[in-house]
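Reviewing the structure listed below.
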Amino acid sequence: MSRSFGCTPLGIFSQSPETKRRETMSKNCALTIWGHSYGEGISEVRATIMRRDGTNPQARPSGRGFEDSRIMQHLRRPTEEFNNAPAIYEFFMLLSLCHTCIPEQVGANKVTYKASSPDEEAFVKAASKMGFMFYRRSPEHVTVQVDDGQNARDEVFRILATCDFDSRKRSSVLTECPDGTIKLWCKGADQTMEPLLRPECKPLWNTTCNHLCEFAEEGLRTLVLGSRVVSREEYEQWLPQYEMAKNAIHNRARELRAAYDMIEKDLHLVGATAIEDKLQEGAPEAIEDLRKAGIKIWVLTGDKQETAINIGFACNLITPHSKRKIIEGPGRLSEDTIVKRLQNLHRKYGRTGEKDDLALIIENRAMSLLLRRCEKELLEFTQQCRVVVCYRSTPDEKRKVVELIKNNTNALTLAIGDGNNDVPMIRAAHVGVGISGQEGLQAVMSADYAIAQFRFLRRLLLIHGHWSYFRLCKVVLYSFYKNIAFCFTLFWFCWFAGFSGQTIYESFYISTYNALWTLLPIIAHGLADKDVTQNRIFNHPQVYFLGPQKAAMNPRLFILWIIDGLCCSAIIFFTAYLGYGDHVMPDGQVQGLWSMGNAMYAAALIVVTAKVTLEHNTVTVIHVIFNIASVVGWFAFAMIWCSILSINPDMYFTFWANLASARFWLYIVLTTGLCILPPYILKYIKRQVRPLINDVIREKRDTAATQVDVEAVNTIIHQQYQFLDPTLITPHKTSMATSRHTGYAFSKEDDS
């Protein structure tokens, strides 16, 4: 994975596509009811695909919610040849009853809803638009107003039991209908609903599956609806077990699930919904920049395979150049076949996957199987993949995948999500980022950072992460440098003082060196320095790779700074020793120990301040004020301190004598030049011979990414960062044949 902050690779685990989508109630919807498909809108994913493959360069999403005039006609004006009205009635009644929304009356005829998720709110609003308005809830009853186009009537349903949504990936409600019958209304993922259907629903299920695949290719999230009539005898036999499980103290979740499974069976297929969560503004661009920065992205989602893949294309997560490798779960493939497929991929791409731009699409059951049977091969192969999409994932499986990478590699992991299902993943990662949205604040409360939209992750990592890394590294290196440059002057002095314990500096000077006189410049650097402007970073996200490559902090660089500090300390001391040893002033007095100490302290302070000044990549008013204040402040303090006889008689007026001596100023200039010029001559030569990415970008005159800029940066990348995929650096023109893709129509290469 790829890393910033600490200089090991960073990998992003995202709860996609929900995290990267904009929660909105103007969602495109599609329905299938008893084998008949409804919905004419164009989803954002489909519009993106049409623009990309050239079928319709002007395609735009409709964005007007559910659109299909046929459904109202079939509901209110059925014909003898086609009568789908009973199924449509049951479909929308199920949407009006099986949910956890709370209605709030606003005005005379308007109802708003408070829902645990945007999808549930969208379902209830869609049913209300079709004439099934849920508007009243009590602990035991739900009231739905049914409008047939001529009259509106209230239908009151008694709530007998609620089977909450959990890892079963479905929820249901048991009600007593107005006519006295007991009915179970259930909705859930197609994977979990299929085993619960009656055998006679098989032909209808096949038709519905075809519609689900079409919806998934549009990037819509699907949900299957089913119902059944429960006899009163069966209900009375089941109710005690349900109550016992609900009141259980130990293993309550397991007991409830067993009770739910007893009643959720022999379902009659009603239909399925498909709903779109529109992509958040700037999400595709953010993902593309993160990929260019060399960050590997893992997508852990509960969606279908087709939905996850097409959302990946719409988000620029999967590109036409990506080699997609798909591993389906048990059911379609045997366990041995799944293991063998991974082993073949591992042998083929074990060392070249990074250059091949691999995208692994794997089902959660296959991931769980491979974690048990061949964890090592799975780990090594996924590390060679630039993108990993794990679909049909549960919250616990998301956590296990994050822990796999976290515990078995030196990668820094970052998990981002917006819902309660993402909390285990966020807590498991090194860095957790929560998105505040309509899914609630559970993810935000569990995260280290909170952002409002996914696109802000680009700024968090590429801008603030890059700047913070360079600032922090420079602060650490400079802190060692300035203390070695100062303290080792005392070490050299000890050899000439016989290690007697005599000091050459006034004690208060030593105490305030770090606390006052060298503090402000490095604070200004650590808070405000920018090696590259944010516009240039956005134009060249590859700058982020300087962190993983340890360009600003590595053992070699640390040793060079230590050597620089040692050389400066030697220059400061021995130049003073030679210049002040036997110097006689015009009045016949010899400048003593304290005069030499004043000169050395002034030289050390000016040298380390000049050092940090030349390290500034950004010069602001704050930098200028802090740097000048540090030097001028000490000079003013020293003049006052040496003017007070009672403080230290030996120091009295010594600094004034230094200021009046030309030898003092010559010593300051000579020492500063000897300490500062050689390192920066070597630094200049190094930038000319082997510049870093930020060196090339920083020297450009404009912030625009001109073709010359791109070529220059790419040359540096190819020379020093060969493992960066060339397809991520410069955009490629692709033919329609290479960019077309659908849910099932993968090339043979995809299935290899």
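Everything numeric in this text was worked out from a predicted model, so none of it was measured. Quick note: numbers below take in every heavy atom, side chains included, and nothing from hydrogens, waters or symmetry partners.
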Task: Atom of Thr575, atom of Thr671 and distance for their closest heavy-atom approach - done: CG2-OG1, 3.9 Å
Task: CG-CE distance between Leu477 and Met553, expressed to the nearest 0.5 angstrom - done: 4.0 Å
TODO: For Met639, look at atom CE and say whether over 12 heavy atoms of other residues, nucleotides or ligands are found less than 6.0 Å away.
DONE: yes
Task: His430 side chain to Thr413 backbone, donor-acceptor under 3.5 Å - done: yes
Open item on the list: Quick check on Ile451: does its CD1 atom have over 12 non-hydrogen neighbours (other residues, nucleotides or ligands) under 6.0 Å away?
Closed with: yes
- [ ] Given side chain to side chain contact (heavy atoms under 4.5 Å, CB included), test Lys482 with Cys568 step by step and report yes or no.
- [x] CA-CA 9 Å; Lys482 70 185 180 74; Cys568 289; over 6 Å; no
Open item on the list: Both conditions, 6.0 Å and 45 degrees, for the charged tip of Lys611 above the ring of Tyr478: are they met here?
Closed with: no
- [ ] State whether the side chain of Arg663 and the backbone N or O of Gly579 hold a donor-acceptor pair below 3.5 Å, judged by distance alone.
- [x] yes
- [ ] Provide the closest heavy-atom pair for Ile435 versus Ala452 in the form atom of the first, atom of the second, distance.
- [x] CG2-O, 3.5 Å
TODO: Take Val299 and Val388 through the side chain to side chain contact (heavy atoms under 4.5 Å, CB included) test and state the conclusion after the steps.
DONE: CA-CA 6 Å; Val299 179; Val388 177; over 6 Å; no
Task: Value rounded to 0.5 Å, distance of CD1 in Ile484 from OG1 in Thr489 - done: 12.0 Å
TODO: For Ser322 and Ile318, indicate whether the former's side chain and the latter's backbone hold a donor-acceptor pair under 3.5 Å.
DONE: no
Task: Donor-acceptor contact below 3.5 Å, side chain Arg455 vs main chain Glu285 - done: no
Task: Sequence-distant partners of Phe635, ring pair (Phe, Tyr, Trp, His ring centres under 6.0 Å), two or more places apart - done: Phe655
Open item on the list: Determine whether the aromatic ring centres of residues Trp641 and Phe508 are separated by less than 6.0 angstrom.
Closed with: yes
Open item on the list: As an exercise, state the distance from CD1 of Ile572 to SG of Cys675, rounded to the nearest 0.5 Å.
Closed with: 5.0 Å
Open item on the list: Please check if the number of heavy atoms outside Lys400 that lie under 6.0 Å from its NZ is greater than 12.
Closed with: no
Open item on the list: Ring centres under 6.0 Å, that's the criterion: do Tyr601 and Phe486 meet it?
Closed with: yes
Task: Lys398 NZ/CZ over Trp298 ring centroid, <6.0 Å and within 45° of normal - done: no
Task: Qualifying residues under salt bridge (Lys or Arg N to Asp or Glu O under 4.0 Å), relative to Lys683, sequence neighbours excluded - done: Glu615
- [ ] Starting at CG of Asp564, measure out to OH of Tyr680 and round the result to the nearest 0.5 Å.
- [x] 8.0 Å
- [ ] Please identify each residue that fulfils salt bridge (Lys or Arg N to Asp or Glu O under 4.0 Å) with Asp529, with sequence neighbours left out.
- [x] none
Task: Under 3.5 Å side-chain donor-acceptor pair for Lys530 and Thr618 - done: no
TODO: Report yes or no: does Asp695 contribute a side-chain atom to a donor-acceptor pair with the main-chain N or O of Pro691 at less than 3.5 Å?
DONE: no
Open item on the list: Can a side-chain donor-acceptor contact be found between Asn408 and Lys376 if the only test is distance below 3.5 angstrom?
Closed with: no
Open item on the list: Using modelled atom types and a 3.5 Å cut-off, is there a donor and acceptor pairing between side-chain atoms of Thr654 and backbone atoms of Met651?
Closed with: yes
- [ ] Grab the two heavy atoms, one from Tyr469 and one from Ala551, that are nearest each other, plus how far apart they are.
- [x] OH-N, 3.7 Å
Open item on the list: Could you check whether Trp517 and Tyr513 have their ring centres less than 6.0 Å apart?
Closed with: no
- [ ] Could you label the plane-to-plane angle of the Trp467 and His464 rings as parallel, tilted or perpendicular, counting under 30° as parallel and over 60° as perpendicular?
- [x] perpendicular
Open item on the list: Would you say the rings of Phe480 and Phe558 are close, in the sense that their centroids are separated by under 6.0 Å?
Closed with: yes
TODO: First locate atom CZ of Arg399, then atom CD1 of Ile426, and finally report the distance between them rounded to the nearest 0.5 Å.
DONE: 14.0 Å
Task: Thr613 and Asn627: side chain donor to acceptor below 3.5 Å - done: yes
Open item on the list: Around atom CZ of Phe499, are there more than 12 heavy atoms from other residues, nucleotides or ligands closer than 6.0 Å?
Closed with: yes
Task: Check: Lys474 side chain, Gly526 main-chain N or O, donor-acceptor pair, under 3.5 Å - done: no
- [ ] Assess the pair Tyr505 and Trp594: is the distance between their ring centroids shorter than 6.0 Å?
- [x] no
Task: Aromatic contact, His623 with His525 (centres under 6.0 Å) - done: no
Open item on the list: Taking the ring centre of each residue, are Phe493 and Phe496 less than 6.0 Å apart?
Closed with: no
Open item on the list: Can you confirm whether more than 12 heavy atoms, excluding those of Arg687, are under 6.0 Å from its CZ atom?
Closed with: yes
Open item on the list: Whether the side chain of Arg536 engages the backbone of Ile697 through a donor-acceptor N/O pair (distance < 3.5 Å, no angle test) should be reported.
Closed with: yes
Open item on the list: Between Val387 and Arg291, does the side chain to side chain contact (heavy atoms under 4.5 Å, CB included) criterion hold? Intermediate values first, please.
Closed with: CA-CA 9 Å; Val387 176; Arg291 281 171 51 83; 3.0 Å; yes
Task: Under-4.0 Å salt bridge between Arg471 and Asp531 - done: no
Open item on the list: With rounding to the nearest 0.5 angstrom, report the CG to CD1 distance, Asp650 to Ile647.
Closed with: 13.0 Å
